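Predicted model, so just to flag it, every value in this text is computed and none were measured.
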Amino acid sequence: MSTFIIGMGMIALTLVLYIPATHLYKQVKWPILMPVLTSTAVIVVILLLAGIKLETYMLGGKWIQDLLGPAVVSLAFPLSKHMDVLKRNVIPILGGTLGGSFAGMFTGASAALLLGYPKDIVIALLPKSVTTPVAIQLADQAGGNASFTSLFVMIAGFSGILLGPMILKWARVNSNNAYGIGLGSASHALGMARSFEYGENAVALSSVSMIVSAIAGSLFLPLWVLMIYG
């Protein structure tokens, strides 16, 4: 069987699971049923039960992954529609995103060092709140294990979209713009997807926060590595 047919089959499997998961989430609005989370979990179970290797799934999955780059570029469209909102929120965006990036790396590095993780895992953990393509490049260039970086980015994204709104609500944050900034800076593309629930302004701010987080990660990560390992 050709790799093309297998790849198309994996894409079809993903769509068959993701589309009904999206409809289910729209009906119940439970964070634990976010379509990206539920469809991912079901795909993992299917691959394990069917004995399908990850490399086989990625024959199609890599085509979906390759669309992440153009998807990030396409964020320029909603940004152009909300330039006035961005101009009014420059300070909150920069303050929240830069502060969140620094705090995220600090907590990740501290926990990893306390648990005695080796150097390549500690470095792999640092860019966990940066969008996947950038995080992998940063970790690889700094001497980290890029494979673990992908895992940590997924964990940060899923935990952020599940717990982030709950924590913000508990902290009595009522601004939809703040939700967008927080989700974008902590949970990258997944956070931006969740921010659609809080309006177009939140989505625009979330996408900017994700981009600024990537830039901040590029600046902070080498400094963290230098401070930790000299």
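- Contact between Val90 and Lys87 at its shortest, heavy atoms only, is CG2-O, 3.5 Å.
- Side chain of Ser187 to backbone of Gly184: no donor-acceptor contact under 3.5 angstrom is found.
- Evaluation of the salt bridge (Lys or Arg N to Asp or Glu O under 4.0 Å) test over residues 100-129, restricted to residues two or more places apart or in two chains, returns none.
- Contact check for Leu205 versus Asn176: no side-chain heavy atoms found under the 4.5 Å cut-off.
- At a threshold of 4.5 Å between side-chain heavy atoms, the hydrophobic network of Ile, Leu, Val, Met, Phe, Trp and Tyr places Met154 and Val36 in one connected group.
- Considering only heavy atoms from C-beta on, Leu219 stays 4.5 Å or farther from Leu223 through its side chain.
- Taking CD1 of Ile136 as the start and CG of Asp140 as the end, the distance is 9.0 Å to the nearest 0.5 Å.
- No continuous path of hydrophobic side-chain contacts links Val42 to Leu33 [ILVMFWY only; heavy atoms under 4.5 Å].
- Between Lys26 and Lys29, the shortest heavy-atom contact is O-CE, 3.9 Å.
- Looking only at side-chain heavy atoms (C-beta outward), Leu126 and Phe152 stay at 4.5 Å or farther from each other.
- A pairwise comparison of heavy atoms in Ala216 and Leu98 identifies CB-CD2, 3.7 Å as the closest pair.
- Although no hydrogens or angles enter the test, the distance criterion places a donor-acceptor pair under 3.5 Å between the side chain of Ser129 and the main chain of Ala186.
- A single hydrophobic cluster is not seen to contain both Met210 and Val130; linkage of ILVMFWY side chains at heavy-atom distances under 4.5 Å, directly or through other members, places them apart.
- The two residues Ala124 and Pro127 come nearest to each other via the heavy atoms O-CD, 3.4 Å.
- Taking CG from Leu190 and CG from Leu183, the interatomic distance works out to 10.5 Å, rounded to the nearest 0.5 Å.
- Partners of Tyr198 according to the ring-ring contact (aromatic ring centres under 6.0 Å, His included) rule, which considers only residues two or more places apart in sequence or in another chain, are Tyr179.
- Here the side chains of Met10 and Trp63 are not in contact, with every heavy-atom distance at 4.5 Å or above.
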Practice task
Give the intermediate values and the outcome of side-chain contact (heavy atoms from CB on, under 4.5 Å) for residues Phe158 and Thr40.
Solution key: CA-CA 11 Å; Phe158 286 137; Thr40 298; 4.2 Å; yes

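- Atom NZ of Lys53 and atom CG of Leu48 lie 13.5 Å apart (nearest 0.5 Å).
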Practice task
Starting from the C-alpha separation in whole Å, work towards a yes-or-no answer on side-chain contact (heavy atoms from CB on, under 4.5 Å) for Val134 and Ser218.
Solution key: CA-CA 8 Å; Val134 178; Ser218 302; 4.3 Å; yes

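- There is no path of hydrophobic side-chain contacts, each under 4.5 Å, that joins Leu94 to Phe220.
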Handout entry: Full working for side-chain contact (heavy atoms from CB on, under 4.5 Å) between Phe148 and Leu125
Key = CA-CA 8 Å; Phe148 277 96; Leu125 182 60; over 6 Å; no

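- We find the CG-CZ distance between Leu168 and Arg172 to be 14.0 Å, quoted to the nearest 0.5 Å.
- Rounded to the nearest 0.5 Å, atoms CG (Leu47) and OG1 (Thr56) are 8.5 Å apart.
- Under the 3.5 Å distance criterion, with hydrogens and angles disregarded, no donor-acceptor pair is assigned to the side chains of Thr38 and Tyr18.
- Between Trp224 and Phe102, the ring center distance clears the sub-6.0 Å criterion.
- Heavy-atom minimum distance, Asn201 versus Asn177: CB-OD1, 3.7 Å.
- For CE of Met227, the number of neighbouring non-hydrogen atoms (other residues, nucleotides, ligands) closer than 6.0 Å is greater than 12.
- Hydrophobic clustering of Ile, Leu, Val, Met, Phe, Trp and Tyr side chains at less than 4.5 Å, counting indirect connections, unites Ile46 with Ile43.
- Ile181 CD1 to Thr97 OG1: the interatomic distance, rounded to the nearest 0.5 Å, is 6.5 Å.
- In terms of heavy-atom proximity, Ser185 sits nearest to Ser209 at N-CB, 3.8 Å.
- Side-chain contact between Ile121 and Pro118: present, with at least one pair of heavy atoms (C-beta onward) separated by less than 4.5 Å.
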Exercise for the section: Take Val122 and Leu113 through the side-chain contact (heavy atoms from CB on, under 4.5 Å) test and state the conclusion after the steps. Expected result: CA-CA 7 Å; Val122 175; Leu113 290 171; 4.2 Å; yes

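- Residues His188 and Met192 fail the side-chain proximity criterion, which asks for heavy atoms closer than 4.5 Å.
- Few gaps surround OH on Tyr229; more than 12 heavy atoms of other groups in view lie less than 6.0 Å from it.
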